[in-house]
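For reference, the structure discussed in these notes is given below.
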Amino acid sequence: MVSRKEVADRAGVSSAVVSYVLNDRKIVKEETRRKVLQAIEELGYQPNLLARSLKTKKTKQIAVLVNYLGNPFEAGILLHLEHELREHGYFVFFHTYRKEEEDQLKSVFMGRVDGILLLGQSLQASTVADFVSREVPVVSVMQPGQAGSGIAYRDLDWEAELLKLIRHLQEQGHTRIGFMSGETASASHYEVRFQGFLRALAAAGLTWHPEDQLDGGGRFEDAERALGARLAAGKAPFTALVGANDLMAAGCLSACRGAGVRVPEDLAVAGCENILMSAQTDPPLTTLHYPRQPMATEAVGLLLAMIDGVKADMKALDGELIVRGSTVRIHG
C-alpha cells in the first residue's frame, strides 16, 4: 500500500503539503498542487478516508433528499448539485424522501455526512434542530413550504416571477386564472409557489376563486386526470391555467387535447420551471425559467459556508418569463 510519505517524496514536497492538497487547502501553489496530484495518480495512492474523517470530523460526503427522480426538473438540479460538490471534493448520495421515514434520517445520516441538501422538503423542526445540534447543516434548493422551518434556502421570488406571468396573461385578455398545485406530502415547495401565485394575483388586481385550484400531485398523469375530470364536468370556468411545474402543465395540455379544448384559444396553459420538454409540447409551453445551474451553485456554496461555520443568509435569484404558443392568442 502506497504511503503519504511516498507521494511526498515523488512530488518533492513534505507530507504536510500532500495533506493540504488532499484537504483542498488553498494555501498550496497551483504548480505544487499539480505535482502532488500527478504523484498520487502515478503511485495509485488511496487516502484512508476513515482515518481522515476521525481526525477532521469531516466525511467529505453530502446527502441530497429528492422527491421524485422521474421529474426532469429535479434530475437537472441533481446533475448540477453533483457537479458542484465533486468540484469541491465531496461525494454525493441521493435518497428519496418519505415523510413517514423522516425519523430514520437522524440515524442514517448522523456521522456519515457533513451536510444535507433538500429539494424543497419541510423537515420537522425537531429533525432540523437535531442535525444543527450535531453541526450537520441543512440547505434547501427551493424554499420549504413550512414557514419558520429554520432551513436555509435558495429560490426564486415566486410572487415577483408569477406576477410577470400573470401580467402576460392579462395582456392576452384573461381575468380569471386557475392554478394546478402539487399537494404531495414531500414536495411542499409547491405550496410556496401557490402562495406566491395568490399574492401575485392580488397585486395584478385579479380575484381568486378557491374552486379554481386543482391538485395535480406534481405529476403529468395526475394533472391530466384532474383537469380532464373538470373539463368533462364543465367545471373549469377559468380561461387560463398555471401549473406549479411543467410536468403538470404538460399534463393539462394533454387533457385539453383529449377533451377537444383548443390551446390557447379556449384555455391558455402555462408552467413553472422550463424543463427541456416545455419547448417540445404541442403547442410549446409558456413557462417561467428556473435557473437550475446558478441555483445549484448558490445552494452548494451556502452549504459549504455553513459547514465552515458561516451564518446562513437568504437570497433570491431571478427567473425569466419564456412566452410560447400555449398562451399567445393569434388574432385575425
Side-chain angles (χ1 to χ4, degrees), residues 23-24 48-69 71 74-75 77-78 80-82 84-86 88-155 158 182-193 195 218 295-316:
N23 288 292
D24 199 27
N48 188 330
L49 297 178
L50 177 59
R52 188 171 71 182
S53 67
L54 290 173
K55 182 178 180 180
T56 65
K57 296 184 179 180
K58 299 297 181 185
T59 66
K60 301 297 287 186
Q61 296 186 129
I62 300 295
V64 183
L65 296 184
V66 302
N67 299 305
Y68 175 44
L69 279 172
N71 186 336
E74 290 199 10
I77 289 179
L78 292 175
H80 293 304
L81 289 174
E82 182 184 32
E84 288 292 328
L85 288 165
R86 286 170 68 96
H88 288 89
Y90 281 83
F91 293 93
V92 189
F93 63 87
F94 307 130
H95 183 82
T96 299
Y97 172 78
R98 294 186 176 88
K99 190 171 184 178
E100 63 273 16
E101 298 175 356
E102 184 174 318
D103 286 341
Q104 300 175 25
L105 298 180
K106 301 171 190 177
S107 58
V108 170
F109 291 157
M110 205 57 67
R112 293 181 172 88
V113 299
D114 296 334
I116 299 171
L117 283 165
L118 310 178
L119 295 187
Q121 298 93 343
S122 287
L123 301 182
Q124 299 173 38
S126 59
T127 302
V128 177
D130 195 71
F131 284 130
V132 170
S133 69
R134 299 172 189 267
E135 298 183 343
V136 178
V138 181
V139 169
S140 180
V141 182
M142 297 177 287
Q143 181 181 349
Q146 183 176 330
S149 64
I151 298 173
Y153 63 86
R154 290 287 189 263
D155 203 353
W158 282 103
E183 297 177 357
T184 61
S186 60
S188 55
H189 58 280
Y190 291 134
E191 179 63 20
V192 173
R193 300 180 188 185
Q195 293 303 320
M295 202 67 74
T297 300
E298 284 283 339
V300 168
L302 175 59
L303 181 67
L304 298 186
M306 292 173 65
I307 290 174
D308 289 337
V310 178
K311 186 177 180 180
D313 63 344
M314 301 303 172
K315 180 179 179 180

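The residues of the chain are indexed from 1 along the displayed sequence.
In terms of heavy-atom proximity, Q195 sits nearest to E191 at NE2-OE2, 2.6 Å.
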Please output the side-chain donor-acceptor pairs of residues 308-316 that fall under 3.5 Å, not counting sequence neighbours, one pair per line with the distance.
residue, atom, partner, partner atom, Å
D313, OD1, R154, NH1, 3.4
D313, OD1, R154, NH2, 2.9
K315, NZ, E298, OE2, 3.0

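By the 30° and 60° cut-offs, the orientation of the rings of F93 relative to F109 is tilted.
Put simply, CZ on F91 and CZ on R86 are 8.0 Å apart, with the number rounded to the nearest 0.5 Å. The line from CG of D114 to CG of L304 is 9.5 Å long, rounded to the nearest 0.5 Å. Atom-to-atom distance recorded for K99:NZ and L123:CG is 10.0 Å, nearest 0.5 angstrom.
Counting heavy atoms from C-beta outward, L303 and V300 have side chains that stay 4.5 Å or more apart. Considering only heavy atoms from C-beta on, F94 stays 4.5 Å or farther from L65 through its side chain. The closest side-chain heavy-atom distance from K106 to T127 is below 4.5 Å. Within the 4.5 Å cutoff, the side chain of Y153 has heavy atoms near those of the P144 side chain. The shortest side-chain heavy-atom distance between L69 and E74 does not fall under the 4.5 Å cut-off. Side-chain contact check for V139 versus M306: some heavy-atom pair is nearer than 4.5 Å. You'll find the side chain of T59 stays beyond 4.5 Å of the side chain of Y90, heavy atoms only.
No donor-acceptor pair under 3.5 Å is formed between the side chain of T96 and the backbone N or O of N67. Looking only at distances, a side-chain donor or acceptor of E102 sits under 3.5 Å from a matching main-chain atom of Q124. Using modelled atom types, one side-chain atom of Q121 and one backbone atom of L119 make a donor-acceptor pair closer than 3.5 Å. D155 places no side-chain N or O within 3.5 Å of a backbone atom of M142 that could act as its donor or acceptor partner.
A distance of 6.0 Å or more separates the ring centres of Y68 and Y97.
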Between I307 and I62, is a side chain to side chain contact (heavy atoms under 4.5 Å, CB included) present by the stated rule, with each step listed? CA-CA 11 Å; I307 290 174; I62 300 295; 4.0 Å; yes

Please evaluate residues V132 and V138 with respect to the criterion side chain to side chain contact (heavy atoms under 4.5 Å, CB included), reporting the C-alpha separation (whole Å), side-chain torsions for both, the decisive distance (0.1 Å), and the verdict. CA-CA 8 Å; V132 170; V138 181; 5.7 Å; no

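Exactly one residue among V113, I116, L81, L118 makes a side chain to side chain contact (heavy atoms under 4.5 Å, CB included) with V64. That residue is L81.
Counting non-hydrogen atoms of other residues, nucleotides and ligands closer than 6.0 Å to CD of E101 gives a total above 12.
Residues satisfying the side chain to side chain donor-acceptor pair (under 3.5 Å) criterion with R112, sequence neighbours excluded, are absent altogether. Residues meeting the side chain to side chain donor-acceptor pair (under 3.5 Å) test with D103, sequence neighbours left out: none.
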